[in-house]
Amino acid sequence: MRTLRSICSLHPTFVLTTNVEDRFVQAGFPEQSVFYLEGRLTHRGDHTPLQKQDLAEITSGDQLETAGYPDSRQFQEKLRDLNRFLAAHPRFVILELGVYAGNGFLRPLISQMLQAFPASRLAEFNLQPNPVPVQIRHRVVQVDGDLEQNLDGVARILLPEASGSQHGTS
């Protein structure tokens with residue numbers, strides 16, 4: 001995650017994720033630039049962060065942000081934030097990390113974004129490449145294999161001053 005943050009730190013960034021463990025904010029991505037599409041297990045249903053000492057109070061998944069999140073005002077605000085970002089940055093690169101082809105949430109959203117923004121590109125990092133629609137194939141780079149090694153390679157290309165140091169432990 002630190003390697004990914006380093007790579008993205010030089011560019012305007014907006015994160016779409018179904019990761020419910022809050023890893024992107026923990027890695028240093030600004031809270032306002034991260035859209036947890038399914039909510040977070042680290043937050044209560046009222047969207048306040050859970051503290052370690054509060055965990056004993058949680059007796060049901062219904063008490064967590066993930067319950068009913070897509071129907072919430074916070075979800076709608078994040079959707080507006082995403083649309084503002086896309087309007088301000090119509091030339092963007094989507095880094096798709098470990099999203100399998102059957103993901104019925106992220107894959108269609110990514111496809112819609114690529115179709116709506118013809119100057120956008122997709123860099124897909126997966127153990128096995130996903131099928132890519134013919135009409136956008138020329139805008140997609142697929143990298144298969146170990147995510148950590150591949151991101152470290154991207155970091156060495158984009159951030160030459162960082163090569164060989166802390167990135168091996170991301």
Side-chain angles (χ1 to χ4, degrees), residues 1-43 47 61 64-155 157-158 170:
M1 292 305 263
R2 287 187 303 269
T3 299
L4 181 60
R5 179 65 191 129
S6 295
I7 291 168
C8 295
S9 67
L10 302 175
H11 307 282
T13 303
F14 197 93
V15 176
L16 296 171
T17 183
T18 56
N19 174 308
V20 294
E21 289 92 15
D22 211 15
R23 301 226 187 260
F24 287 95
V25 169
Q26 292 171 14
F29 287 89
E31 174 92 30
Q32 67 274 13
S33 299
V34 180
F35 188 174
Y36 290 96
L37 293 164
E38 297 176 331
R40 295 172 285 188
L41 295 175
T42 58
H43 286 63
H47 311 287
L64 298 174
E65 186 178 80
T66 53
Y69 181 65
D71 299 323
S72 72
R73 178 179 55 81
Q74 285 77 9
F75 183 92
Q76 295 304 316
E77 287 174 6
K78 283 296 186 181
L79 197 52
R80 283 191 291 276
D81 290 346
L82 170 60
N83 285 319
R84 279 193 290 269
F85 180 86
L86 294 173
H89 306 285
R91 287 181 50 117
F92 55 86
V93 175
I94 298 170
L95 298 179
E96 182 185 282
L97 309 174
V99 179
Y100 72 101
N103 183 301
F105 203 41
L106 272 177
R107 294 293 294 183
L109 181 58
I110 290 169
S111 183
Q112 288 175 358
M113 290 168 43
L114 289 169
Q115 289 175 12
F117 295 90
S120 62
R121 303 286 185 265
L122 170 63
E124 176 191 277
F125 293 80
N126 285 309
L127 286 175
Q128 297 177 334
N130 287 321
V132 176
V134 174
Q135 64 270 28
I136 62 168
R137 194 169 288 152
H138 66 285
R139 296 172 30 216
V140 176
V141 173
Q142 293 180 301
V143 181
D144 59 345
D146 181 83
L147 180 60
E148 183 175 351
Q149 290 175 1
N150 286 323
L151 280 180
D152 282 347
V154 170
I157 292 167
L158 297 177
S170 47

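- Residue pairs meeting the ring-ring contact (aromatic ring centres under 6.0 Å, His included) criterion with at least one member in residues 12-39, sequence neighbours excluded: F14-F85, F24-F29, F35-F75.
- For the ring-ring contact (aromatic ring centres under 6.0 Å, His included) condition, the pairs that include at least one residue of residues 93-126, sequence neighbours left out, are F92-F117.
- A 4.5 Å side-chain heavy-atom check between L82 and L16 finds at least one atom pair inside the cut-off.
- Remark: D144 engages no residue in a salt bridge (charged side-chain N to carboxylate O under 4.0 Å, His left out) (not counting sequence neighbours).
- A 4.5 Å side-chain heavy-atom check between E148 and T3 finds every atom pair outside the cut-off.
- Distance check, rounded to the nearest 0.5 Å: NE2 of H89 to NE2 of H11 gives 12.0 Å.
- Counting only residues at least two apart or on different chains, the salt bridge (Lys or Arg N to Asp or Glu O under 4.0 Å) pairs with a member in residues 115-133 are R107-E124.
- Annotation: side chain to side chain donor-acceptor pair (under 3.5 Å) contacts of Q32 (sequence neighbours excluded): none.
- Looking at residues two or more places apart in sequence or on another chain, you find a side chain to side chain donor-acceptor pair (under 3.5 Å) between T42 and D22.
- Note on residues 131-140: pairs passing side-chain hydrogen bond (donor to acceptor under 3.5 Å, both in side chains), not counting sequence neighbours, are S120-R139.
- In this structure, L4 and L95 have side chains that are in contact, with non-hydrogen atoms separated by less than 4.5 Å.
- Using modelled atom types, one side-chain atom of S9 and one backbone atom of S6 make a donor-acceptor pair closer than 3.5 Å.
- Considering every non-hydrogen atom in both N103 and L106, the closest pair reads OD1-N, 2.6 Å.
- Considering CZ of R80 and CG of N83, their distance stands at 9.5 Å, rounded to 0.5 Å.
- To the nearest 0.5 Å, atoms CZ (R84) and CG (L79) are separated by 10.0 Å.
- Summarising the geometry of N126 relative to G98, their closest heavy-atom pair is OD1-CA, 2.8 Å, with the distance given to 0.1 Å.
- Among pairs with a residue in residues 86-95, none fulfils salt bridge (Lys or Arg N to Asp or Glu O under 4.0 Å), at least two apart in sequence or across chains.
- Here the shortest heavy-atom pairing between K78 and Y69 reads CG-OH, 4.0 Å.
- By the side chain to side chain donor-acceptor pair (under 3.5 Å) test, T66 pairs with no residue at all, sequence neighbours left out.
- With contacts defined as side-chain heavy-atom distances shorter than 4.5 Å, the pair L109/L37 qualifies.
- Residues M1 and A27 share a closest heavy-atom pair of CB-CB, 3.5 Å.
- For the pair S33 and T13, the tightest heavy-atom approach, listed with the atom from each and the gap, is CB-O, 3.4 Å.
- Shortest non-hydrogen contact noted between N130 and A101 is OD1-N, 2.9 Å.
- For E31, the side chain to side chain contact (heavy atoms under 4.5 Å, CB included) criterion is met by V25, R40, not counting sequence neighbours.
- Here E77 pairs with R73 under the side chain to side chain donor-acceptor pair (under 3.5 Å) rule; sequence neighbours left out.
- For A67, the side chain to side chain contact (heavy atoms under 4.5 Å, CB included) test picks out D62, with sequence neighbours left out.
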